[in-house]
Amino acid sequence: MNLKFDLRGKLEQTIQLLQQAYSTYKPEEIFLSFNGGKDCTVLLDITIRLLGDIISCKDIQCVYMQPMEPFEEVEDFIGYCKKHYGIEIRTMKGGIKTILQQICDKNPNIKACLMGSRRTDPYCENLQLMQETDPGWPKLMRISPLLDWNCTDIWEYIQSNKVHYCSLYDRGYTSIGDKTNTIPNPNLKRIGKAGELYYLPAYHLSDADKFERAGRL
């Protein structure tokens with residue numbers, strides 16, 4: 001895997017945390033929160049690509065917390081991941097807190113959740129790699145293997161490993177929510193020679209950790 005030195009170190013930390021997670025919890029006690037975004041796509045790919053000796057595809061539990069007005073492109077990508085990785089991805093609708101409660105109520109064995117959170121995400125700057133949910137939330141261990149990665153790291157991993165990703169990223173979207181709160185990133189807007197408007201792909205964004213969410217309303 002041809003990665004820069006800094007990212008190789010972060011990838012090793014990620015693998016070690018995932019190994020710790022699956023040695024601490026049984027496969028039926030842990031699930032991966034997957035919304036079709038680039039971060040959780042990298043997390044899923046690492047889990048399947050590099051942890052095959054301790055967890056099989058059929059044992060990976062994934063939950064897609066579907067927003068109110070999802071992009072068709074995201075829905076299509078969820079379907080692609082099911083086939084490409086040979087996994088089941090359960091779709092659940094509603095608010096995050098409600099969905100987590102439903103998961104815990106229906107499966108009392110669930111104890112932990114793998115998340116693609118990074119420190120530049122809202123409310124994640126002080127998050128720990130492994131941290132229990134806040135008081136008042138369903139009791140789960142939040143595990144964030146990509147917490148110390150930056151946006152450039154994510155795209156380097158994707159491009160180095162030819163990981164398929166949601167097509168919205170090729171049209172200027174850099175952080176994807178749903179149709180009600182997401183537009184292409186204004187920093188990637190360009191005007192062609194004929195005066196046509198277009199957007200560069202997400203991986204062209206400069207100072208990405210600062211402007212990644214510029215397209216979120």
Side-chain angles (χ1 to χ4, degrees), residues 7 10-11 14 18 31-49 60-85 87-96 99-100 113-125 127 142-188 199-205 208-217:
L7 181 53
K10 292 178 182 179
L11 178 59
T14 294
L18 285 168
F31 75 95
L32 191 153
S33 178
F34 187 78
N35 64 1
K38 62 187 183 304
D39 301 326
C40 59
T41 296
V42 167
L43 179 57
L44 177 62
D45 189 82
I46 291 172
T47 302
I48 292 176
R49 185 190 298 265
I60 295 176
Q61 299 189 74
C62 282
V63 175
Y64 167 40
M65 300 184 189
Q66 187 182 61
M68 292 298 294
E69 296 188 35
F71 286 98
E72 287 82 4
E73 292 87 348
V74 172
E75 300 286 296
D76 290 344
F77 182 64
I78 296 291
Y80 166 85
C81 289
K82 290 180 181 179
K83 295 179 181 179
H84 177 72
Y85 291 111
I87 59 173
E88 291 295 325
I89 302 178
R90 180 183 177 189
T91 297
M92 299 184 71
K93 298 180 179 181
I96 296 177
I99 291 175
L100 291 178
C113 173
L114 292 172
M115 305 172 65
S117 303
R118 294 186 288 113
R119 291 201 188 279
T120 52
D121 293 334
Y123 313 112
C124 292
E125 60 271 15
L127 194 64
R142 292 179 292 180
I143 304 173
S144 306
L146 303 179
L147 193 60
D148 293 319
W149 290 44
N150 58 41
C151 193
T152 301
D153 296 329
I154 295 295
W155 283 113
E156 182 184 339
Y157 180 90
I158 287 173
Q159 293 173 326
S160 296
N161 293 285
K162 296 180 173 57
V163 178
H164 194 73
Y165 54 86
C166 178
S167 62
L168 288 174
Y169 291 111
D170 285 333
R171 290 160 37 200
Y173 291 82
T174 55
S175 177
I176 302 173
D178 68 10
K179 291 180 178 179
T180 68
N181 61 17
T182 310
I183 61 172
N185 195 311
N187 295 288
L188 292 172
Y199 290 85
L200 295 174
Y203 47 82
H204 285 288
L205 183 65
D209 288 319
K210 182 177 179 181
F211 297 113
E212 181 181 2
R213 294 182 65 86
R216 296 295 288 273
L217 305 177

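These numbers come from a predicted model, not from an experiment.
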Give, for atom OH of Y169 and atom CG of N185, the distance between the pair rounded to the nearest 0.5 Å. 12.0 Å

Set of residues satisfying salt bridge (charged side-chain N to carboxylate O under 4.0 Å, His left out) with respect to E72, sequence neighbours excluded: K179

Any donor-acceptor N/O pair, K38 side chain to I176 backbone, under 3.5 Å: no

Any side-chain heavy atom of K10 within less than 4.5 Å of one from N150? yes

Using the side chain to side chain contact (heavy atoms under 4.5 Å, CB included) rule, take W149 and L11 through it: C-alpha gap first, then chi angles, then the decisive distance, then the call. CA-CA 9 Å; W149 290 44; L11 178 59; 4.1 Å; yes

Nearest atoms (heavy-atom pairs only) where C166 meets G36: CB-O, 3.9 Å

Which residues pass the ring pair (Phe, Tyr, Trp, His ring centres under 6.0 Å) test with Y199, not counting sequence neighbours? none

All heavy atoms of S33 vs all of C113, minimum pair found to be CB-SG, 3.9 Å

Indicate the atoms forming the closest heavy-atom contact of Y157 with R49, along with that distance. OH-NE, 3.5 Å

Has the side chain of D153 got a donor or acceptor atom that lies under 3.5 Å from a matching backbone atom of L7? no

Partner set under ring pair (Phe, Tyr, Trp, His ring centres under 6.0 Å) for F211, not counting sequence neighbours: none

Under the ring pair (Phe, Tyr, Trp, His ring centres under 6.0 Å) test, residues paired with Y85 that sit two or more places apart: none

Is it true that atom CD1 of I96 has more than 12 heavy atoms of other residues, nucleotides or ligands lying nearer than 6.0 Å? no

May I ask you to test the L44-C62 pair for a side-chain heavy-atom distance under 4.5 Å? yes

Could you check R118 against D209 for side chain to side chain contact (heavy atoms under 4.5 Å, CB included), going step by step and ending with a plain yes or no? CA-CA 10 Å; R118 294 186 288 113; D209 288 319; 3.6 Å; yes

Taking atom NZ as the centre, does K210 end up with more than 12 heavy-atom neighbours from other residues, nucleotides or ligands that are less than 6.0 angstrom away? no

By ring pair (Phe, Tyr, Trp, His ring centres under 6.0 Å), H204 pairs with (sequence neighbours left out) none

Tell me, do I87 and I48 make a side-chain contact under 4.5 Å, heavy atoms counted? yes

Residue pairs passing the salt bridge (charged side-chain N to carboxylate O under 4.0 Å, His left out) test with at least one member in residues 159-171, sequence neighbours excluded, are E73-R171

Walk me through it: do I78 and Q66 pass the test side chain to side chain contact (heavy atoms under 4.5 Å, CB included)? CA-CA 10 Å; I78 296 291; Q66 187 182 61; over 6 Å; no

Just by modelled atom types, is the A202 backbone N or O under 3.5 Å from a matching donor or acceptor in the T174 side chain? no

Quick one, L114 and L18 - any side-chain contact, counting heavy atoms below 4.5 Å? yes

When rounded to the nearest 0.5 angstrom, what distance separates OG1 in T47 from CG in L43? 4.5 Å

Rounded to the nearest 0.5 Å, what separates atom CG in D178 from atom CD in E69? 6.5 Å

I need the K93 NZ to I99 CD1 distance, nearest 0.5 Å. 10.5 Å

Heavy-atom distance under 4.5 Å between the side chains of F34 and T41, does that happen here? yes

Separation between CZ of F31 and CD1 of I60, rounded to the nearest 0.5 Å: 14.0 Å

How about CD on Q159, more than 12 heavy atoms from neighbouring residues, nucleotides or ligands closer than 6.0 Å, or not? yes

Side-chain contact test, heavy atoms from C-beta onward, threshold under 4.5 Å: evaluate it for N35 versus V74 and give yes or no. no

CA sep, side-chain torsions, deciding dist, call: L205, L188, side chain to side chain contact (heavy atoms under 4.5 Å, CB included): CA-CA 7 Å; L205 183 65; L188 292 172; 4.1 Å; yes

Distance in Å, L168 CG paired with T182 OG1, rounded so as to fall on 0.5 Å steps: 9.0 Å

Is there a side-chain contact between L127 and S144 in this structure, where contact means two heavy atoms from C-beta onward sitting under 4.5 Å apart? yes

So Y203 and I158, do their side chains get closer than 4.5 Å, heavy atoms only? no

